[in-house]
Amino acid sequence: MATVQNEEGMPLPLSAQRRRNLPAKAALAWLGAGWRDLGQNPLPSLLYGLAVFLVSIVVVWGLFRLGLDYILFPALAGFMVVGPLVAIGLYQKSRDIETGQPVSLSRMVFVKAASGGQVLYTGAILCLLMLVWMRAAVIIYALFFGWRPFPGLHDVATMLLTTPVGWAMLLVGTAAGGLFAAFSFAISSFAIPMLLDERVDAFTAMGTSISLVWNNLPVMLAWGAIVLGLFLLSVATGLIGLIVVFPLLGHATWHSYRAIK
């Protein structure tokens, strides 16, 4: 990115260069732009969303099958960490629409990022972050409930909401999860679109993403709330909503990157 200068020709501080002064309502405009991209040749996007839904169902089934249902909620939260990486094909479609290239499912699946293998490197970091969060969630549970077996999804709400220990664990878990969520949101919001669009290394992309998020907090907080709300809506539908919500957020994320870049 070129250095921005003031009227006297002096370079502006990095924080000023990364500040876009976008209002919070701009996040709704990104969502609207994502909806337009979804509606333009929608079949590839919906098939992409269907694939994400089917993989998610298989993972959830596997957790129950292996008796790992106690990490279901951390795993759902972890999905939001790696989601920006999974959505790279949707960024490709929005980019193709923007540049007038033909849209096809094959171009969305076999993406050729400008940064090459740096995308995979960033993806590995995001996956590691997700695993660390899942392990941290298990440790927090053990700190409050010891070696007590997980009571199952039917009884976990009662255990958490009707006991002082449960409330304490909720508070600590929410605080810890919030820190993980904020960090992962900051490093991934623009890193993957940037790696697709520009020839940069993974650490530059993640560092730039953090800077852009931090210096544009009002609109990014609004965008984060929209992403979280739509994801929770998808969970409430048994993940079926991912078929539409995931492509919608993927396309909208590309437009957020283009607006703040």
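Reckoned from all heavy atoms, side chains included, excluding hydrogens, waters and symmetry mates. All values reported here derive from a predicted model rather than from experimental measurement.
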*Asks:* Would you check if the side chain of Ser209 reaches a backbone N or O of Ala205 as a donor-acceptor pair within less than 3.5 Å?
*Replies:*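 Not at all, since once roles are kept as given, no pair shorter than 3.5 Å links the two residues.
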*Asks:* Compute whether any side-chain donor of one residue and acceptor of the other, for Trp254 and Gln92, lie under 3.5 angstrom apart.
*Replies:*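 Looking only at side-chain atoms, Gln92 and Trp254 do not form any donor-acceptor pair under 3.5 Å.
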*Asks:* Of all heavy-atom pairs between Gly241 and Thr237, which one has the smallest distance, and what is that distance?
*Replies:*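 It is N-OG1, 2.9 Å.
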*Asks:* Quick one: salt bridge (Lys or Arg N to Asp or Glu O under 4.0 Å) partners of Arg36, sequence neighbours excluded?
*Replies:*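 Applying salt bridge (Lys or Arg N to Asp or Glu O under 4.0 Å) to Arg36 gives none.
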*Asks:* How close do Leu126 and Ser188 get, heavy atom to heavy atom, and via which atoms?
*Replies:*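 So the minimum-distance heavy-atom pair works out to CD2-CB, 4.0 Å.
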*Asks:* Is a side-chain donor or acceptor of Lys93 paired with a backbone partner of Asn41 at a separation under 3.5 angstrom?
*Replies:*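 Here the side-chain-to-backbone pair exists.
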*Asks:* Kindly write out the residues that satisfy ring-ring contact (aromatic ring centres under 6.0 Å, His included) with Phe185, not counting sequence neighbours, or none if the list is empty.
*Replies:*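 Phe185: no ring-ring contact (aromatic ring centres under 6.0 Å, His included) contacts found.
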*Asks:* Would a single hydrophobic cluster contain both Trp214 and Met220, if residues Ile, Leu, Val, Met, Phe, Trp and Tyr are joined by side-chain heavy-atom contacts under 4.5 Å?
*Replies:*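 No; Trp214 is not reachable from Met220 via cluster members.
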*Asks:* With a 3.5 Å distance limit and no angle check, can you tell me whether Tyr91 reaches the backbone of His251 through a side-chain donor-acceptor pair?
*Replies:*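 A pair under 3.5 Å: no.
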*Asks:* Using atom types as modelled and distance alone, determine if a side-chain donor or acceptor of Asp197 lies under 3.5 Å from a backbone N or O of Pro193.
*Replies:*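 Not at all, since once roles are kept as given, no pair shorter than 3.5 Å links the two residues.
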*Asks:* Provide the closest heavy-atom pair for Met108 versus Pro44 in the form atom of the first, atom of the second, distance.
*Replies:*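 Minimum heavy-atom contact is SD-CB, 3.5 Å.
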*Asks:* Do you know which two heavy atoms are closest between Gln118 and Ala202, and how far apart they sit?
*Replies:*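 Minimum heavy-atom separation between Gln118 and Ala202: OE1-N, 2.8 Å.
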*Asks:* Do Leu228 and Met130 sit in the same hydrophobic cluster, where Ile, Leu, Val, Met, Phe, Trp and Tyr count as joined when their side-chain heavy atoms come under 4.5 Å apart?
*Replies:*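 Linked within one cluster.
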*Asks:* Hey, does the side chain of Ser184 reach the backbone of Ala181 with a donor-acceptor pair shorter than 3.5 angstrom?
*Replies:*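 Judged by distance alone, yes, a pair lies under 3.5 Å.
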*Asks:* Using the side chain to side chain donor-acceptor pair (under 3.5 Å) rule, pick out the option among Thr99, Thr253, Asp37 that qualifies with Ser94.
*Replies:*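 It is Asp37, the one option of Thr99, Thr253, Asp37 that forms the side chain to side chain donor-acceptor pair (under 3.5 Å) with Ser94.
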*Asks:* Looking at every heavy atom in both Ser211 and Asn215, which two are closest together, and how far apart are they?
*Replies:*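 Closest pair (atom of Ser211, atom of Asn215, distance): O-ND2, 2.7 Å.
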*Asks:* Indicate, with yes or no, if Leu38 and Val103 share a hydrophobic cluster defined by side-chain heavy-atom contacts under 4.5 Å among Ile, Leu, Val, Met, Phe, Trp and Tyr.
*Replies:*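 Per the 4.5 Å side-chain linkage, Val103 and Leu38 are not co-clustered.
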*Asks:* Honestly curious: do Val132 and Leu76 fall in one hydrophobic cluster under the side-chain, below-4.5 Å linking rule?
*Replies:*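 Yes; tracing contacts between hydrophobic side chains, which count when under 4.5 Å, links both residues.
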*Asks:* Between Phe144 and Ala168, which heavy-atom pair has the shortest distance, and what is it?
*Replies:*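 Smallest heavy-atom distance, with atoms named: CE2-CB, 3.6 Å.
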*Asks:* Using a 3.5 Å distance criterion without hydrogens, assess whether the side chain of Arg20 forms a donor-acceptor pair with backbone atoms of Lys261.
*Replies:*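 Confirmed, Arg20 side chain pairs with Lys261 backbone.
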*Asks:* Is it true that Leu221 and Leu31 fall in one hydrophobic cluster, defined by side-chain heavy atoms closer than 4.5 Å?
*Replies:*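 Shared cluster, no.
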*Asks:* Where the side chain of Ser115 meets the backbone of Leu195, is there a donor-acceptor pair that is under 3.5 Å apart?
*Replies:*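 Pair found, side chain donor or acceptor close to backbone of Leu195.
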*Asks:* Answer yes or no: is there a donor N or O on one side and an acceptor on the other, between the side chain of Tyr141 and the main chain of Gly173, under 3.5 Å?
*Replies:*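 Judged by distance alone, no pair lies under 3.5 Å.
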*Asks:* Is the distance between the ring centroids of Phe203 and Tyr121 under 6.0 Å?
*Replies:*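 Centroid separation for Tyr121 and Phe203: below 6.0 Å.
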*Asks:* Between Ser234 (side chain only) and Leu239 (backbone N and O only), is there a donor and an acceptor less than 3.5 Å apart?
*Replies:*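 No; zero donor-acceptor contacts below 3.5 Å.
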*Asks:* Mind checking whether Trp223 and Trp30 have parallel, tilted or perpendicular rings, split at 30° and 60°?
*Replies:*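 Perpendicular: the ring planes of Trp223 and Trp30 meet at over 60°.
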*Asks:* Centroid-to-centroid, Phe79 to Phe231, below 6.0 Å?
*Replies:*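 Yes, the ring of Phe79 comes within the 6.0 Å limit of the ring of Phe231, centre to centre.
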*Asks:* Do the side chain of Asn216 and the main chain of Val219 share a donor and acceptor less than 3.5 angstrom apart?
*Replies:*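 A pair under 3.5 Å: no.
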